[in-house]
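This report refers to the structure that appears directly beneath it.
Note: hydrogens, waters and symmetry copies are ignored here, and every other heavy atom, side chains too, is used.
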Amino acid sequence: MKEIRPLTSLRGIVAIWVFLFHLDLERPAIAAPLRDWLAIGRGYIGVDLFFTLSGFVLALTYRETFLSKPFKTAYASFLLRRVARVIPLNVAVVCAILASVWLDPAGVGSAFPSALNTRTAIANLLLVQDWGFAPSIDKPAWSVSIEMAVYLAFPMLLALVWSRWLWAVPAVAGAAALYWLAGNGHGMVSEGLLIGDFIRGFAGFTFGLL
């Protein structure tokens, strides 16, 4: 599939929005009127938009592959491509963080999770930490960890949204789950709530597929 440039531009804008949100949380430096005008406090919604865009783009990219090739071949090709896209950079980032903690535990290392052990390191390297195994060494990587779970379920989700009668099931389930999440005091920010992270990821991705 050829690049859809407007979506690439949108990704860039949303990435800046999310970055400013995190920056403002750590070191508030943006004037209140500008913060309100740019909706910096709502920047977390950008992550949900990323999930939705991911579902939309992957549906366009792999729809024909799953229709025209045997399931095992299509699924293996899909997973291999997704892993090759996200794992190498993640490994480099995690290794850099681990090295900084080892070299300067009282300085740079103090900014990272105290429960930094072998299990945490392996879970983060494999991007499965947010599945309930460990905290994210690189905090924003929680969303990529959830994406890895979504990739495993991709064929099932795709089959549901293709179905003439069942497509409404994931749509209603996703909307209901988000409503529940908002009504339980967590809003759209899952605040480290494991089920909240999965709801945001799977619901956003499914809406994108639809």
Side-chain angles (χ1 to χ4, degrees), residues 10-27 40-58 79 82-101 108-154 157 173-174 177-182 184-209:
L10 180 59
R11 285 176 184 271
I13 293 170
V14 174
I16 294 172
W17 191 23
V18 174
F19 170 74
L20 290 175
F21 168 73
H22 282 284
L23 183 65
D24 195 58
L25 283 179
E26 298 293 332
R27 297 180 180 179
I40 299 301
R42 298 291 185 180
Y44 57 84
I45 296 174
V47 178
D48 299 279
L49 182 54
F50 275 126
F51 284 134
T52 303
L53 284 174
S54 181
F56 178 69
V57 170
L58 290 183
L79 285 180
R82 302 319 301 168
V83 167
R85 185 178 180 86
V86 299
I87 288 292
L89 178 59
N90 176 70
V91 169
V93 171
V94 171
C95 286
I97 291 174
L98 292 174
S100 68
V101 171
V108 175
S110 63
F112 298 99
S114 56
L116 196 53
N117 50 36
T118 302
R119 175 180 172 174
T120 300
I122 293 175
N124 276 266
L125 286 169
L126 297 177
L127 274 175
V128 298
Q129 73 274 15
D130 207 61
W131 302 7
F133 294 118
S136 282
I137 296 175
D138 175 25
K139 289 182 180 180
W142 74 264
S143 60
V144 189
S145 178
I146 294 298
E147 281 253 345
M148 289 295 289
V150 173
Y151 293 159
L152 292 176
F154 179 71
L157 295 174
L178 288 174
Y179 180 78
W180 172 85
L181 187 62
N184 277 272
H186 297 283
M188 292 299 290
V189 180
S190 46
E191 297 175 352
L193 185 70
L194 179 62
I195 186 63
D197 292 349
F198 272 90
I199 286 173
R200 291 175 69 190
F202 274 82
F205 192 85
T206 301
F207 294 153
L209 290 178

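Across Ile146 and Gly201, no two heavy atoms sit closer than the pair CG2-CA, 3.7 Å. The nearest pair of heavy atoms linking Ala123 to Ala134 is CB-CB, 4.1 Å. Residues Gln129 and Ser136 approach most closely at NE2-OG, 3.0 Å, considering heavy atoms. The two residues Phe21 and Ile40 make their nearest non-hydrogen contact at CD1-O, 3.2 Å.
Using a 4.5 Å heavy-atom cutoff, the side chains of Phe133 and Ile122 are not in contact. At a threshold of 4.5 Å between non-hydrogen side-chain atoms, the residues Val14 and Ile45 do not count as touching.
Every side chain to side chain contact (heavy atoms under 4.5 Å, CB included) that Val93 has, sequence neighbours left out, goes to Leu89, Ile97, Asp138. Listed by chain and number, the residues in a side chain to side chain contact (heavy atoms under 4.5 Å, CB included) with Leu125 are Val91, Val94, Cys95 (sequence neighbours excluded). Applying the side chain to side chain contact (heavy atoms under 4.5 Å, CB included) test to Arg11 and every residue at least two apart in sequence or in another chain returns Phe50, Leu53, Val57. For Ser54, the side-chain hydrogen bond (donor to acceptor under 3.5 Å, both in side chains) partners are Glu147, not counting sequence neighbours. For Ala149, the side chain to side chain contact (heavy atoms under 4.5 Å, CB included) partners two or more places apart in sequence, or in a different chain, are Trp131, Phe198, Phe202. By the side-chain hydrogen bond (donor to acceptor under 3.5 Å, both in side chains) test, Arg119 is found to be paired with no residue, residues two or more places apart in sequence or in another chain being considered.
To the nearest 0.5 Å, the span separating OG1 on Thr206 from CZ on Phe154 amounts to 10.5 Å. Distance OH/Tyr44 to CZ/Arg200: 8.5 Å, rounded to 0.5 Å. Annotation: the span from Leu10 atom CG to Trp17 atom CH2 amounts to 10.0 Å, rounded to 0.5 Å.
The backbone N or O of Thr120 lies less than 3.5 Å from a partner atom in the side chain of Asn124, making a donor-acceptor pair. The closest donor-acceptor contact from the side chain of Thr52 to the backbone of Gly208 lies at 3.5 Å or more, if one exists at all.
Evaluated for a side chain to side chain contact (heavy atoms under 4.5 Å, CB included) with Ile87, the options Leu126, Leu127, Val144 yield exactly one hit, Leu127. Each of Val83, Asp130, Val128 was scored for a side chain to side chain contact (heavy atoms under 4.5 Å, CB included) with Met148, with one residue passing: Val83.
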Inset, instruction - Evaluate side-chain contact (heavy atoms from CB on, under 4.5 Å) for Trp180 paired with Ile199, printing each intermediate quantity in order. - result: CA-CA 10 Å; Trp180 172 85; Ile199 286 173; 3.8 Å; yes
